[in-house]
Amino acid sequence: MSKWFGLADCNNFYASCERIFDLSVREKPVVILSNNDGCVISRSQEAKDLGVPMGTPLHKIKPLIDKHKIHFFSSNYALYGDISARVMNCLNDLCPAVEVYSIDEAFLDLSIIKDEELLPFGINVKKKIAKWTKIPICIGIARTKSLAKLANRYAKKNFKEVGVFVIDSEEILLKTLKETPIEDVWGIGRKHGKFLKSEGINTAYEFTQLPENFIQKRFSIVGLRLYKELKGEPCLNLTEVIEKKKVIQHSRSFGRYVQSINDLEEAVTTFANKCAEKLRSQETCACTVSVYIRTNPFSNKPQYYDGITMNFDVPTSNTFEIQQKVLWGLKQIFVQGYDYKKAGVSVMGIVGKEEIQGNLFAPEPNENSQKISQLMDKINAKFGKETLKFAIQGTNSVWKGNASKISPKYTTLWEDLLRVE
DNA sequence: TCTGGGGTCCTAGGACCC
DNA sequence: TCTGGGGTCCTAGGACCC
């Protein structure tokens, strides 16, 4: 049986989430800002139509915002994560097999659907999702994942009302490939796009007409896979199981410049804790941890960047152990006299906790501190983030960013539950 | 004044081993 | 003077994604 892949993708996801509960911004231009209210990371259709570019810093589009009364929100990941889970649950109920690909996208295996049923099936899924979650989606359907992506983009662009597009004939395939600019193809980023255009390759179709050995040589096997997929040969499968993360990071730009090591210590211990929590939540331990600090690359002030990577004797997910290493590392890389703007912690060499090999020469793991870590996880899960935290994390952190325009956590915090009066 | 955060995969090159 | 060859493992860097 030949395959059919679908790609369901939420339209303007973060902006759409804000509109579910806040009726005053429905049909109004809305933009969502990154951490620190830095730059635009999501736009409603109305905002796109007004010419708000993706990724621009807020201060650069302030005149546009004022002029058109564009509503803007700080990002509210608790809300988006919860709405995403609802959408994915619905897709799971409606579709034979689902691979959650990102917070707002999922691949579907539709191979068991009859060819002539694909379009009505897609339309039904779209309608149900809209009804159950109030999130508008588009669905692209084709023979490969890369083509489903292409079909999805085509649906968004040309059939937004229907919201579903199926590439089910050679003619439609060629037409879609010819109408897709090369830089819009999934897997062709800025660098490759620029190179291809300089070679006179402007569309997905022209890409598929290049010789195979040229693709392999210039774009390695990743590019070759894409090339084959665009020609209709599936090289990527649906992966339904959620794999454990191989790297876990936590980093933040600061709300203002930070000079003292104490403030940096507060920040990096908080990040170390987050990494440890994430490790425990996927039942893994890390062999390695690194920490870095940096100044603001956009400013004219003296620049500094340094990081350090450290190994554990025995892989760990213990908050205390990870914190300790990170604090030690910070002392090694910290230099007085700079305005620091960002710091981050990442853990790597991640292994399942059952695969850990003991180290004869390492001290026995501290079981008490591990139990405390787990207890903290439980309490924080029940009563909310950072109900319980470490003294060194501070209580009035100067490094924390601004989120001046954050919407309520309508779905994940009792106090923020919508009231009907 | 103000510029996000968290991932993946692949390749090249060096260290090391036999 | 001439200085192997093949394999593995690790890391850094670069490309991409949302």
Side-chain angles (χ1 to χ4, degrees), chain A residues 7-14 31-43 53-63 65 72-77 80-81 84 99-107 145-146 149 152-153 182-196 216-226 235-236 239 242-257 267 271 274-275 278 282 287-288 290 292 294-301 307-309 311 339 341-350 400-405:
Chain A
L7 177 72
D9 188 331
C10 302
N11 303 348
N12 318 321
F13 183 58
Y14 298 168
V31 301
I32 313 301
L33 303 170
S34 64
N35 180 47
N36 252 335
D37 293 347
C39 42
V40 174
I41 53 168
S42 175
R43 305 158 294 162
M54 186 69 166
T56 25
L58 176 62
H59 65 94
K60 283 196 182 162
I61 52 156
K62 206 74 172 83
I65 291 206
F72 60 98
F73 292 90
S74 310
S75 30
N76 183 346
Y77 287 103
Y80 312 149
S84 169
E99 172 190 336
V100 176
Y101 177 69
S102 75
I103 193 162
D104 68 340
E105 274 173 273
F107 283 104
K145 276 184 162 181
S146 304
K149 268 275 193 188
N152 187 286
R153 181 193 160 279
I182 188 66
E183 66 271 22
D184 287 359
V185 173
W186 184 45
I188 300 293
R190 268 239 296 281
K191 278 267 165 64
H192 288 163
K194 206 173 157 191
F195 167 75
L196 284 164
Q216 161 102 60
K217 214 167 157 187
R218 190 62 182 67
F219 303 100
S220 80
I221 81 157
V222 184
L224 190 62
R225 222 157 36 202
L226 170 66
C235 301
L236 301 167
T239 44
I242 296 172
E243 297 193 357
K244 292 181 175 168
K245 300 267 179 277
K246 295 167 181 164
V247 173
I248 291 171
Q249 321 183 25
H250 199 87
S251 66
R252 281 289 176 277
S253 294
F254 304 142
R256 65 173 182 76
Y257 289 118
F271 304 158
K274 295 274 184 201
C275 290
K278 288 184 207 168
Q282 61 168 19
C287 300
T288 314
S290 43
Y292 72 85
R294 71 166 320 138
T295 51
N296 182 0
F298 296 100
S299 89
N300 297 322
K301 295 178 185 171
I308 184 171
T309 301
N311 292 317
D339 285 340
K341 183 62 180 170
K342 187 175 181 179
V345 171
S346 48
V347 288
M348 289 146 293
I350 294 178
K400 280 207 172 151
N402 313 307
S404 55
K405 296 267 287 176

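As the structure is a computational prediction, the values presented were derived from the model and not from experiment. Order of the sequence lines sets the chain letters (A, B, ...), proteins ahead of strands, with each chain counted from 1.
Contacts of A/F13 classified as ring-ring contact (aromatic ring centres under 6.0 Å, His included), with partners at least two apart in sequence or in another chain: none. Judged as a ring-ring contact (aromatic ring centres under 6.0 Å, His included), and not counting sequence neighbours, the contacts of A/F107 are A/Y101, A/W186. Applying the ring-ring contact (aromatic ring centres under 6.0 Å, His included) rule to A/F73 yields no partners; only residues at least two apart in sequence or on another chain are considered.
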Quick one: side chains of residues 54-63 of chain A, donor-acceptor pairs under 3.5 Å with protein atoms, not counting sequence neighbours, listed by atom name and distance.
from	atom 1	to	atom 2	distance (Å)
A/T56	OG1	A/P53	O	2.9

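Counting non-hydrogen atoms under 4.0 angstrom, A/V100 reaches nothing in the nucleic acid. Backbone-only engagement by A/D104 is indicated by non-hydrogen atom pairs under 4.0 Å involving sugar-phosphate atoms exclusively. At the heavy-atom level, A/D37 lies nowhere under 4.0 Å from the strands shown. In this structure, A/K246 reaches the sugar-phosphate backbone alone: every heavy-atom distance under 4.0 Å involves primed, P, OP1 or OP2 atoms, never a base. Across all strands shown, A/K274 has no heavy atoms under 4.0 Å from either base or sugar-phosphate atoms. A/F13 comes within contact range of no nucleotide atom at all, as no heavy-atom separation falls under 4.0 Å. Within 4.0 Å of A/Y101, counting heavy atoms only, lie sugar-phosphate atoms of the nucleic acid but no base atom. At the heavy-atom level, A/R218 lies nowhere under 4.0 Å from the strands shown. Within the 4.0 angstrom heavy-atom criterion, no nucleotide atom of any strand lies near A/L33. Residue contacts shown for A/I248 are limited to sugar-phosphate atoms, with no base heavy atom under 4.0 Å away.
The aromatic rings of A/F219 and A/H192 stand perpendicular to each other, their planes meeting at an angle above 60°, with 30° marking the opposite boundary.
Side-chain contact between A/F195 and A/R218 is present, with at least one heavy-atom pair separated by less than 4.5 Å. The shortest side-chain heavy-atom distance between A/E105 and A/K149 falls under the 4.5 Å cut-off. Side-chain contact between A/I350 and A/Q282: present, with at least one pair of heavy atoms (C-beta onward) separated by less than 4.5 Å. Between A/N296 and A/K301, every side-chain heavy-atom pair lies at or beyond the 4.5 Å cut-off.
Running 5' to 3' along DNA chain C, contacts with non-hydrogen atoms of chain A at under 4.0 Å begin and end at C/dA15 to C/dC18.
Paired regions of DNA chain B, where each region holds three or more successive Watson-Crick or G-U pairs whose two hydrogen-bonding distances fall under 3.5 Å, are B:5-18 with C:5-18.
Nearest-nucleotide positions on DNA chain B place A/Y257 closer to the 5' end than the other of A/S220 and A/Y257. Residue order along DNA chain B, read from the 5' end via each residue's closest nucleotide, puts A/P57 first among A/P57 and A/Q216.
For C/dG4 and B/dC17, the C1' atoms lie 14 Å apart once the distance is rounded to whole Å.
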